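Written out below as structure tokens is the structure these notes cover.
Throughout, a chain's letter reflects where its sequence line sits, starting with A, and its residues are numbered from 1. From a predicted model like this one, the values you see are computed outputs, not experimental measurements.
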Protein chains: 2
Amino acid sequence: MVMSTKKMGREGAASGDTVGDSPIARLCVKHGLKMTGQRRVIARVLSEAEDHPDVEELYRRASELDSRISVATVYRTVRLLEEKGILERRDFGGGRARYEASENGHHYHLIDIDSGNVIEFENDELVGLLAKIAAELGFDLMSHRAELFGRRTAPEKKKDAAPEDGNRSSPTGRA
Amino acid sequence: MVMSTKKMGREGAASGDTVGDSPIARLCVKHGLKMTGQRRVIARVLSEAEDHPDVEELYRRASELDSRISVATVYRTVRLLEEKGILERRDFGGGRARYEASENGHHYHLIDIDSGNVIEFENDELVGLLAKIAAELGFDLMSHRAELFGRRTAPEKKKDAAPEDGNRSSPTGRA
DNA sequence: TTAGGTGCAAACCTTTTGCTCTATT
DNA sequence: AATAGAGCAAAAGGTTTGCACCTAA
């Protein structure tokens, strides 16, 4: 099985015309969205994200690039992009929705239910099995999704690894 | 009086003894939980549920059986049972968590992308593989979900299962 | 008896929204 | 100029919790 960290989104300039736009910003343009400065920044943050940031985290990252952005805008933008199919919303538990660019390629998620960490992986055997199952049911598999929720196996006593995300688990300790 | 893992719809006495308890109530006992009247009722509602009720709905159903139950208790109970692994929380979007007995057997969804029909299926091989994958990553698999999106293979015309729920599942729900 | 459960209502969190002002097209 | 977007803050749900009172074991 291949574990991946996730694709990089290299970036260009932050403002101005379309040439320097991030991949996601370009998608926005393609979808006919009005490109405000805020949207460009948020799009850039999303393009550069290698994890599954929640809104709060997106807001923090966006604010570093442009402090004139409000959370409400992040919420609105993220919602808009999801409707356009540019973003995908995920819920790994913890109460907040997390976002990921649709263009990030196919992979699966294993969520550590204690820490909230998300591990991405690919697995050909899984793909094969799912395709086989679909075939047995009379279907051609077009796409699929699988999410595993697990807890670290006992013996190993690794110290808390750095979260792959900026997201900590739920405020109430709930996974 | 040993019951199978399938659900049973009837209930006996509401007081102390275990004989009339619902399958889930018995699981609670097995887990060493103190069995209050409220918990018995909620357990029964859960055992009888064939859908994925949210807390509000559970509360409504439980209230019909015993009006002395509060929403807070439903929330607390449902959370407790989830931690015990007796219940599984699902999120089909829409903002509220929905619950389902773990004993209902893990099923997966295959969505016909042309018709929107949802076919449920079980597959032990898949469970095994997912558990194996989790193990390889150093985790014990606690729960998981998998959704397949497919298109009917040319000639075959299989009868498809009824949608399992009135709940529309969101593309990015969680398990 | 006593640790733990329950009700009620207030508190909490995340997400949405009304309104006014601003910026993109 | 017209229209969609942004900010701010208040509102809106869903879920949790403090506290005093009960209850199963």
Side-chain angles (χ1 to χ4, degrees), chain A residues 15-18 21 25 28-29 31-43 53-60 62-63 66-84 87 89-99 116 167-175, chain B residues 13-18 21 25 28-43 53-60 62-63 66-84 87 89-99 170 172 174:
Chain A
S15 59
D17 53 312
T18 314
D21 278 355
C28 292
V29 173
H31 282 263
L33 300 180
K34 185 191 280 189
M35 287 313 287
T36 64
Q38 290 91 328
R39 282 193 186 160
R40 270 207 183 71
V41 171
I42 295 170
D54 58 30
V55 169
E56 190 186 324
E57 178 61 21
L58 287 173
Y59 174 54
R60 175 161 42 239
S63 295
D66 185 337
S67 58
R68 300 173 307 170
I69 291 178
S70 72
V71 227
T73 295
V74 177
Y75 271 107
R76 283 192 270 235
T77 301
V78 118
R79 191 186 191 184
L80 177 68
L81 299 204
E82 190 201 353
E83 285 165 2
K84 291 295 182 183
L87 273 190
R89 179 177 16 172
R90 315 228 101 109
D91 186 343
F92 296 140
R96 10 235 277 207
R98 294 157 70 150
Y99 295 86
N167 304 306
R168 292 291 4 110
S169 36
S170 77
T172 43
R174 185 178 190 181
Chain B
S15 38
D17 57 304
T18 313
D21 278 354
C28 291
V29 173
K30 275 187 191 166
H31 281 263
L33 300 180
K34 185 191 280 189
M35 286 313 286
T36 63
Q38 289 90 329
R39 281 193 186 161
R40 269 205 184 72
V41 171
I42 295 170
D54 57 30
V55 169
E56 191 186 325
E57 178 62 20
L58 287 173
Y59 174 55
R60 174 162 43 241
S63 296
D66 185 338
S67 58
R68 300 173 308 170
I69 291 177
S70 71
V71 226
T73 294
V74 178
Y75 271 107
R76 283 192 271 234
T77 301
V78 118
R79 187 184 184 177
L80 177 68
L81 299 203
E82 190 200 353
E83 283 164 3
K84 292 294 183 183
L87 274 190
R89 182 177 17 163
R90 309 233 110 106
D91 187 343
F92 295 118
R96 18 237 275 203
R98 320 189 83 113
Y99 295 86
S170 89
T172 45
R174 74 177 275 286

So, taking the atom named CG in Leu80(A) and the one named CG in Leu33(A), what distance separates them when rounded to the nearest 0.5 Å? 5.0 Å

Could you go over nucleotides 8-12 of chain D and give all protein N or O partners under 3.5 Å, atom names and distances?
{"residue": "dC8(D)", "atom": "N4", "partner": "Arg76(A)", "partner atom": "NH2", "Å": "3.3"}

Using atom CG of Leu80(A) as one end and atom P of dG5(D) as the other, report the distance to the nearest whole Å. 7 Å

For Lys84(B) and His31(B), which heavy atoms make the closest approach, and how far apart are they? O-CE1, 3.3 Å

Between Ser67(A) and Ser63(A) (side chain of the first, backbone of the second, donor and acceptor by atom type, cut-off under 3.5 Å), is there such a pair? no

Nearest-neighbour nucleotide for the Lys34(A) side chain, dT24(C), dT16(D), dT16(C) considered: dT24(C)

Under 4.0 Å: is that the gap between some side-chain N or O of Thr73(B) and OP1 or OP2 of dG5(C)? no

Between dG5(C) (P) and Arg40(B) (CZ): distance, integer Å: 14 Å

Distance, rounded to the nearest Å, where Lys84(B) contributes NZ and dG5(C) contributes C1': 15 Å

Closest to side chain of Met35(B), choosing from dT25(C), dA25(D), dG7(C): dA25(D)

Indicate whether OP1 or OP2 belonging to dG13(D) is found under 4.0 Å from a side-chain N or O atom of Arg96(B). no

Respond yes when some side-chain nitrogen or oxygen of Thr36(A) is under 4.0 Å from OP1 or OP2 of dA6(D), and no when none is. yes

Atom CD1 of Ile42(A) and atom P of dG5(D): how far apart are they, to the nearest Å? 12 Å

Roughly how many Å is it from CZ in Arg68(B) to P in dG7(C), rounded to a whole number? 8 Å

Between CD of Gln38(A) and CZ of Arg76(A), what distance do you get to the nearest 0.5 Å? 10.5 Å

For Asp54(A), run the side chain to side chain donor-acceptor pair (under 3.5 Å) check against Arg60(A), Arg96(A), Arg98(A) and tell me which one passes. Arg96(A)

Taking every heavy atom of Tyr59(B) against every heavy atom of Val71(B), the minimum-distance pair comes out as CE1-N, 3.5 Å

Provide the closest heavy-atom pair for Ala43(A) versus Ala25(A) in the form atom of the first, atom of the second, distance. CB-N, 3.6 Å

Nucleotide dC13(C), atom P - distance to OH of Tyr75(A) in whole Å: 13 Å

Strictly below 4.0 Å: does Gln38(B) bring a side-chain N or O up to OP1 or OP2 of dC22(D)? no

Testing dA24(D), dA6(D), dT17(C) for proximity to the side chain of Arg79(A), the answer is dT17(C)

